[in-house]
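The structure displayed is predicted, hence computed values, not measured ones. Below, chain A is the first sequence line, B the second, and so on; all start at residue 1.
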There are 2 protein chains.
Amino acid sequence: MMIEPNQPLPRTNSGSDLKTVLNKEGFRLTSQRQKILELFRDIALDHHLSAEEIHHQLVAQGEKISISTIYRALHVMVRLGLLQELELAEDRKYYELSTPFTSHHHHLVCVQCGAVQEFEEVSISDVGVGETQTRGFVLLNSQFTIYGVCPLCQSRLRS
Amino acid sequence: MMIEPNQPLPRTNSGSDLKTVLNKEGFRLTSQRQKILELFRDIALDHHLSAEEIHHQLVAQGEKISISTIYRALHVMVRLGLLQELELAEDRKYYELSTPFTSHHHHLVCVQCGAVQEFEEVSISDVGVGETQTRGFVLLNSQFTIYGVCPLCQSRLRS
DNA sequence: TGATTTATTGAAAATCATTATCACTATCAG
DNA sequence: CTGATAGTGATAATGATTTTCAATAAATCA
Ligand SMILES: [Zn+2]
Ligand SMILES: [Zn+2]
Ligand SMILES: [Zn+2]
Ligand SMILES: [Zn+2]
């Protein structure tokens, strides 16, 4: 119901390992959380996943993990700055690994087929930093998302 | 379930009146749809309203209108380019009037208290236009949204 | 204008992503 | 190793949005 995190936290995914990062905030390292992060690291290319997709993937590769745990782990990881929450589709959240480059990377979504293309644009993030500074906000995250219709769907619609 | 609009439409809110705009696409002018647009024009020129809030407002001013009708009208108006759908909070959609300036206007949201500040930045919209053109997409809409913690909530959290 | 067609409405039920509950288990600090 | 407690899985609950359907009203045209 409330948007997390409850208090501002650094957005960096530092060199320390997962256990250290978790314990520092009173969270524990569990095999389930490890599996989720491994999935993101293995699937680095097609890397926008919903809770349901993460669950499917893990179950498919033989893991025993409940959907509740996925949701809880996602919240923790967003709070710790390990994952980024994205508003790509209108009915669910997507997540991706939070790298040092994430803040310069934005999304172009086809509303017909759901295809997502990414692009880098440093100037946009700079605007976000500037706006938050002049207004005294603590910056947590910013997203630039373009909604449109991809070439494939355009021809599909014309026929 | 599906993201609208189903087919690309011009985003301009031209000079023609509501009835003409609706009929052109096979929709009908109803008193409910008029009331909703009037609400945006009278009370909410600079506000962002959710379906529930629109319903509350209209009922409060004595209108008889159901929440289903609000949702249906919002979809139609977004499809016609009269309203803009915003992802400000994580659990519901917000809407605002779509003016010629809307595309240059972006949002800074406090995740603690929900306060929204707006700012203009033409360069961001230009990036959107450029990206869609080079990739052959038809541009429907783009949003730059910054999530952070406002000064008030910062002091509140410190205490 | 009046009849015809069919989009729209209101009320209620359904959907579906996400969250909460709770008994049990596993992690971590000492 | 042990106690305190965070985390898990199964399932129920929540809540925004969508759908259903019979009744109503807007657009079209004779
Ligand atoms: Zn497409
Ligand atoms: Zn991405
Ligand atoms: Zn605030
Ligand atoms: Zn706005």
Side-chain angles (χ1 to χ4, degrees), chain A residues 1-6 17-37 48-56 58-59 62-80 83 85-95 114, chain B residues 1-6 17-37 48-56 58-59 62-80 83 85-95 114:
Chain A
M1 192 154 294
M2 285 290 295
I3 296 182
E4 296 177 4
N6 288 326
D17 66 331
L18 184 55
K19 182 173 193 305
T20 310
V21 172
L22 286 165
N23 290 353
K24 192 175 301 174
E25 296 289 326
F27 298 111
R28 292 174 180 179
L29 177 64
T30 66
S31 61
Q32 291 89 342
R33 290 174 180 170
Q34 287 186 77
K35 290 286 163 32
I36 293 173
L37 260 196
H48 305 107
L49 297 176
S50 68
E52 194 64 52
E53 288 168 354
I54 294 166
H55 189 230
H56 253 114
L58 290 178
V59 167
E63 304 299 336
K64 186 182 179 310
I65 186 170
S66 86
I67 187 71
S68 320
T69 298
I70 307 279
Y71 278 109
R72 283 181 294 231
L74 289 173
H75 290 165
V76 169
M77 290 173 186
V78 168
R79 187 167 186 290
L80 293 177
L83 295 181
E85 189 177 80
L86 305 173
E87 313 279 350
L88 300 181
E90 68 173 8
D91 61 342
R92 73 194 60 197
K93 309 274 176 46
Y94 284 83
Y95 297 85
Chain B
M1 194 152 293
M2 284 291 297
I3 296 182
E4 296 174 8
N6 289 325
D17 66 333
L18 184 54
K19 182 173 193 308
T20 311
V21 172
L22 286 165
N23 291 352
K24 191 174 303 172
E25 295 289 327
F27 298 112
R28 293 174 180 179
L29 177 64
T30 66
S31 62
Q32 291 89 342
R33 289 173 180 170
Q34 288 186 77
K35 290 287 163 32
I36 292 173
L37 260 196
H48 308 100
L49 298 176
S50 67
E52 194 64 54
E53 287 168 352
I54 294 167
H55 189 230
H56 253 113
L58 291 178
V59 167
E63 303 299 338
K64 187 183 178 309
I65 186 169
S66 87
I67 187 72
S68 320
T69 299
I70 307 279
Y71 278 108
R72 283 182 292 232
L74 289 172
H75 290 167
V76 169
M77 292 173 184
V78 167
R79 187 167 186 290
L80 294 178
L83 295 180
E85 189 176 81
L86 305 173
E87 312 279 351
L88 299 182
E90 67 172 9
D91 60 342
R92 73 194 61 197
K93 309 274 176 45
Y94 284 83
Y95 297 84

Open item on the list: Quick check on DNA chain C: between B:Arg33 and B:Ser68, whose nearest nucleotide comes earlier from the 5' end?
Closed with: B:Arg33
Is there a side-chain polar atom (N or O) of [X] under 4.0 Å from OP1 or OP2 of [N]?
| X | N | value |
| --- | --- | --- |
| A:Tyr71 | C:dT18 | yes |
| A:Lys64 | D:dA10 | yes |
| B:Gln32 | D:dA25 | no |
| B:His75 | D:dT17 | no |
| B:Ser66 | C:dT9 | no |

Open item on the list: Any side-chain to backbone donor/acceptor pair from A:Arg33 onto A:Arg28? Under 3.5 Å, distance only.
Closed with: yes
Tell me: [atom1] of [X] to [atom2] of [N], nearest whole Å?
| X | N | atom1 | atom2 | value |
| --- | --- | --- | --- | --- |
| B:His55 | D:dT18 | NE2 | P | 16 Å |
| A:Ile67 | D:dA13 | CD1 | C1' | 16 Å |
| A:Glu90 | C:dT15 | CD | C1' | 14 Å |
| A:Leu18 | D:dG7 | CG | P | 12 Å |
| A:Tyr95 | C:dT18 | OH | P | 6 Å |
| B:Leu22 | D:dA25 | CG | P | 18 Å |
| A:Lys35 | D:dG7 | NZ | P | 17 Å |
| B:Ile54 | D:dA16 | CD1 | P | 14 Å |

Between [atom1] on residue [X] and [atom2] on residue [Y], distance to nearest 0.5 Å:
| X | Y | atom1 | atom2 | result |
| --- | --- | --- | --- | --- |
| A:Tyr94 | A:Glu52 | OH | CD | 10.5 Å |
| A:Leu22 | A:Thr30 | CG | OG1 | 8.0 Å |
| B:Met77 | B:Glu85 | CE | CD | 13.5 Å |
| B:Tyr95 | B:Glu53 | OH | CD | 12.0 Å |

- [ ] Go along nucleotides 22-30 of chain C 5' to 3' and tag each nucleotide: B for a protein heavy atom under 4.0 Å from its base, S when only backbone or sugar atoms are that close, - otherwise.
- [x] ----BBS--
Open item on the list: What contact category does B:Glu52 fall into here, base, sugar-phosphate, or nothing, at under 4.0 angstrom with non-hydrogen atoms?
Closed with: nothing
Task: B:Thr69 side chain, from C-beta outward: closest of D:dG9, C:dT9, C:dT18 - done: C:dT9
Open item on the list: Show, in sequence, the C-alpha distance, side-chain angles and deciding distance for A:Thr69 and A:Arg72, and conclude whether the side chain to side chain contact (heavy atoms under 4.5 Å, CB included) test is met.
Closed with: CA-CA 5 Å; A:Thr69 298; A:Arg72 283 181 294 231; 3.4 Å; yes
Task: Nearest atoms (heavy-atom pairs only) where B:Lys93 meets A:Glu90 - done: CE-O, 3.5 Å
